[in-house]
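Structure first, then comments.
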Amino acid sequence: MTIRLYDTSARQIRDFTPIKPGCVSIYLCGATVQAAPHIGHIRSGLNFDIMRRWFAHRGYDVTFVRNVTDIDDKIIQKSAEQGRPWWAIGYENEVAFNAAYDALGCLRPTYEPRATGHIPEMIEMMRGLIERGHAYAADGNVYFDVRSFPEYLQLSNQELDNLRQPSGEGETGKRDPRDFAMWKAAKEGEPSWDTPWGRGRPGWHLECSAMAHKYLGSAFDVHGGGVDLVFPHHENEIAQAKAYGDDFARYWSHNAWVTMSGEKMSKSLGNSVLVSEMVKRWRPIVLRYYLGTPHYRSMIEYSEEALREAESSFARIEGFVQRVVEKAGTVEPAAEVPLAFAEAMDDDLGVPQALAIVHTTVRQGNSALTADDKDAAVARLAEVRAMLGVLGLDPLDERWSGGGADRGEDLHGVVDSLVRLVLEQRQGARARKDYATADAIRDQLQQSGLTIEDTPSGPRWSLT
């Protein structure tokens with residue numbers, strides 16, 4: 001079966017046909033490094049990690065580019081607020097993003113270019129667009145003339161007459177308020193670079209057009225990012241690249257948000273959940289299961305209860321894996337995944353349907369164990385490992401099993417499971433109004449170095 005992907009530009013699922021047979025080129029809009037990542041940021045990287053893994057499993061040679069936006073208005077604002085160099089803030093948060101990607105098992109990109117390392121490429125693209133009549137310089141800024149590009153807004157399906165183009169401070173000299181800045185004139189105290197049109201710094205949209213061109217050429221297969229990037233970012237990327245003469249991306253793929261109380265998770269709303277804190281409370285492989293198993297185009301509503309459900313669901317898989325290994329020793333992954341799993345993944349990366357095949361196979365394997373059918377149990381585990389490997393969730397993979405992983409994180413998960421079992425016993429005692437037993441359990445946990453806190457959503461523990 002041919003891999004099929006939902007293409008935002010076509011507003012439908014399309015058969016995937018690569019530009020170069022046997023090869024896939026993917027450009028993913030990566031981090032803007034003004035702050036440390038929350039789980040909403042990392043979902044995009046994780047979803048496209050699964051896409052990349054599936055293409056590779058299907059035999060494609062994958063080139064995966066994920067950029068770093070290390071200069072923009074927010075980073076400059078943080079620099080002014082904190083009295084620290086903009087590059088120090090950017091690098092610190094770039095390290096935090098990479099640590100989060102690594103913690104959740106994302107493969108490293110083929111290339112990870114920084115925007116500030118590609119100023120010459122941006123200047124060259126602006127020069128070409130000005131020569132072709134698609135851009136103009138004014139007051140040290142360089143703007144893209146949206147009326148010069150008839151295809152503008154086809155991705156987001158908007159009408160130009162109704163457009164409200166976001167505009168930043170100092171963007172003077174526009175011929176049309178809907179034109180967008182490719183280059184921003186220098187301001188006192190802000191970072192800037194020399195160009196033929198004066199000193200300044202790049203606009204957000206120009207960065208990705210220039211870097212995609214450099215690393216993937218004038219045409220590539222898939223451009224990805226969060227659904228919030230469709231406009232203005234991706235729309236403006238298309239305008240710049242195609243007006244410059246590139247064919248640009250053949251398929252546009254967008255992942256949905258992680259929400260809290262129905263709102264997009266973001267730092268501006270104050271409702272973010274930092275990955276660095278989450279991995280202290282939850283095993284990273286459980287976080288990957290939680291963020292990676294819903295369909296990439298479906299919203300995820302964050303809650304502790306949903307995470308606990310993900311933990312329990314993954315524990316059923318992990319328990320089967322451990323029982324077979326204890327009985328039969330190491331079992332290598334099967335060379336191929338089950339047909340139903342492959343069909344689900346081929347159909348727009350249908351991870352929920354594919355995961356259902358995983359759980360069905362686990363149940364079959366458990367039945368084989370109950371019947372003492374070792375060969376059948378081993379065969380099912382080989383299939384399960386092959387499927388989990390595609391999803392980056394194989395608990396026997398070196399990444400998760402301890403070869404180079406942080407054993408403290410693994411032990412935290414084990415301790416968490418044991419403590420929750422004890423806390424359930426304490427809750428049962430309280431429900432029976434056996435407060436003496438409940439207090440004794442709490443005191444014993446505290447003597448073990450744990451602090452128990454009763455909250456409206458249930459008891460929580462932490463190290464004293």
Side-chain angles (χ1 to χ4, degrees), residues 3 5-10 14-30 48 51-52 55-56 60-69 109-136 142-156 179-183 195-197 202-225 229-254:
I3 293 177
L5 295 175
Y6 183 85
D7 180 7
T8 305
S9 61
R14 298 172 53 204
D15 289 349
F16 177 76
T17 303
I19 295 171
K20 181 179 179 181
C23 299
V24 177
S25 46
I26 303 172
Y27 185 93
L28 174 63
C29 284
F48 285 93
M51 174 189 285
R52 173 192 188 175
F55 274 125
Y60 289 96
D61 181 10
V62 183
T63 300
F64 183 73
V65 180
R66 185 183 68 211
N67 76 293
V68 176
T69 297
T110 312
Y111 306 109
E112 192 169 25
R114 296 190 186 105
T116 56
H118 297 80
I119 303 299
E121 289 82 359
M122 297 179 206
I123 292 173
E124 181 61 29
M125 182 166 279
M126 285 188 289
R127 181 182 288 112
L129 288 168
I130 290 173
E131 290 173 354
R132 292 169 175 82
H134 292 292
Y136 58 93
V142 178
Y143 298 110
F144 186 91
D145 179 356
V146 297
R147 288 192 175 276
S148 73
F149 186 67
E151 299 174 38
Y152 191 57
L153 301 180
Q154 287 188 4
L155 181 68
S156 57
D179 294 345
F180 62 85
M182 302 172 65
W183 190 262
T195 76
W197 312 282
W204 177 31
H205 318 302
L206 177 63
E207 298 171 356
C208 287
S209 296
M211 288 187 284
H213 179 89
K214 178 180 178 67
Y215 291 93
L216 297 177
S218 61
F220 57 96
D221 293 306
V222 181
H223 195 312
L229 300 182
V230 172
F231 182 83
H233 187 47
H234 288 166
E235 195 73 77
N236 292 353
E237 278 188 60
I238 292 170
Q240 293 165 154
K242 290 197 170 185
Y244 183 68
D246 289 354
D247 288 335
F248 212 49
R250 295 286 184 90
Y251 299 81
W252 286 86
S253 183
H254 294 93

Separation between CG (Leu155) and CZ (Phe231), nearest 0.5 Å, reads 10.5 Å

Spacing of SG belonging to Cys208 relative to NE2 belonging to His233, to within rounding of 0.5 Å | 3.5 Å

Report yes or no: does Asp145 contribute a side-chain atom to a donor-acceptor pair with the main-chain N or O of His134 at less than 3.5 Å?
-> no

Take Phe16 and Phe55 through the ring-ring contact (aromatic ring centres under 6.0 Å, His included) test and state the conclusion after the steps.
-> CA-CA 11 Å; Phe16 177 76; Phe55 274 125; 4.9 Å; yes

Rounded to the nearest 0.5 Å, what separation is found between the CD1 atom of Ile3 and the CZ atom of Arg14?
-> 14.0 Å

Name of the residue among Phe180, Trp197, Tyr136, Trp183 meeting ring pair (Phe, Tyr, Trp, His ring centres under 6.0 Å) with Tyr143 = Tyr136

Evaluate the criterion side chain to side chain contact (heavy atoms under 4.5 Å, CB included) for residue pair Leu229 and Cys29; output intermediate values, then yes/no.
-> CA-CA 9 Å; Leu229 300 182; Cys29 284; 3.7 Å; yes

Starting at CD of Glu207, measure out to OG1 of Thr69 and round the result to the nearest 0.5 Å.
-> 4.5 Å

Minimal non-hydrogen separation, Gly133 against Ser148, with atom names | O-CB, 3.8 Å

When you look at OH of Tyr111, are more than 12 heavy atoms from neighbouring residues, nucleotides or ligands closer to it than 6.0 Å?
-> no

d(Phe149 CZ, Leu129 CG) to nearest 0.5 Å is 10.0 Å

Would you please test Thr63 and Leu216 for side chain to side chain contact (heavy atoms under 4.5 Å, CB included) and show each step?
-> CA-CA 8 Å; Thr63 300; Leu216 297 177; 3.8 Å; yes

Between His234 and His205, does any side-chain donor sit less than 3.5 Å from a side-chain acceptor?
-> no

Closest heavy-atom pair, Arg66 versus Pro113, reported as atoms and distance to 0.1 Å, is O-CD, 3.8 Å

Distance-only, no hydrogens or angles: does the Asn67 side chain make a donor-acceptor pair with backbone N or O of Gly30 under 3.5 Å?
-> yes

Do Ser209 and Glu237 have a side chain donor and acceptor closer than 3.5 Å?
-> no

Give a yes or no answer on whether the side chain of Arg132 reaches the backbone of Gly128 with a donor-acceptor pair at less than 3.5 Å.
-> yes

Classify the ring geometry between Phe220 and His223 as parallel (under 30°), tilted (30 to 60°) or perpendicular (over 60°).
-> tilted

Mark yes or no for whether Glu235, through its side chain, and Ser156, through its backbone, hold a donor-acceptor pair below 3.5 Å.
-> yes

Heavy-atom closest contact (Asp179 atom, Val146 atom, distance) = OD1-N, 3.1 Å

Derivation of the side chain to side chain contact (heavy atoms under 4.5 Å, CB included) call for Tyr152 and Ile238 | CA-CA 8 Å; Tyr152 191 57; Ile238 292 170; over 6 Å; no

Would you say the side-chain atoms of Asp247 pair up with the backbone N or O of Ser218, donor to acceptor, closer than 3.5 Å?
-> no

Verdict with supporting geometry, Leu206 and Met125, side chain to side chain contact (heavy atoms under 4.5 Å, CB included) | CA-CA 8 Å; Leu206 177 63; Met125 182 166 279; 4.0 Å; yes

State, with a plain yes or no, whether a side-chain heavy atom of Pro202 is found less than 4.5 Å away from one of Ile119.
-> yes

Rounded to the nearest 0.5 Å, the CD atom of Glu112 sits from the CE atom of Met211 at a distance of 10.5 Å

Evaluate the criterion ring-ring contact (aromatic ring centres under 6.0 Å, His included) for residue pair Tyr215 and His118; output intermediate values, then yes/no.
-> CA-CA 11 Å; Tyr215 291 93; His118 297 80; 5.4 Å; yes

Correct closest heavy-atom pair for Gly224 and Phe48 would be CA-CZ, 3.5 Å

For residues 18-28, tabulate all N or O donor-acceptor pairs below 3.5 Å that involve a side-chain atom, not counting sequence neighbours.
| unit_1 | atom_1 | unit_2 | atom_2 | d |
| --- | --- | --- | --- | --- |
| Ser25 | OG | Asp221 | N | 3.0 |
| Ser25 | OG | Asp221 | OD2 | 3.2 |

Any side-chain donor paired with an acceptor under 3.5 Å for His213 and Asp246?
-> yes

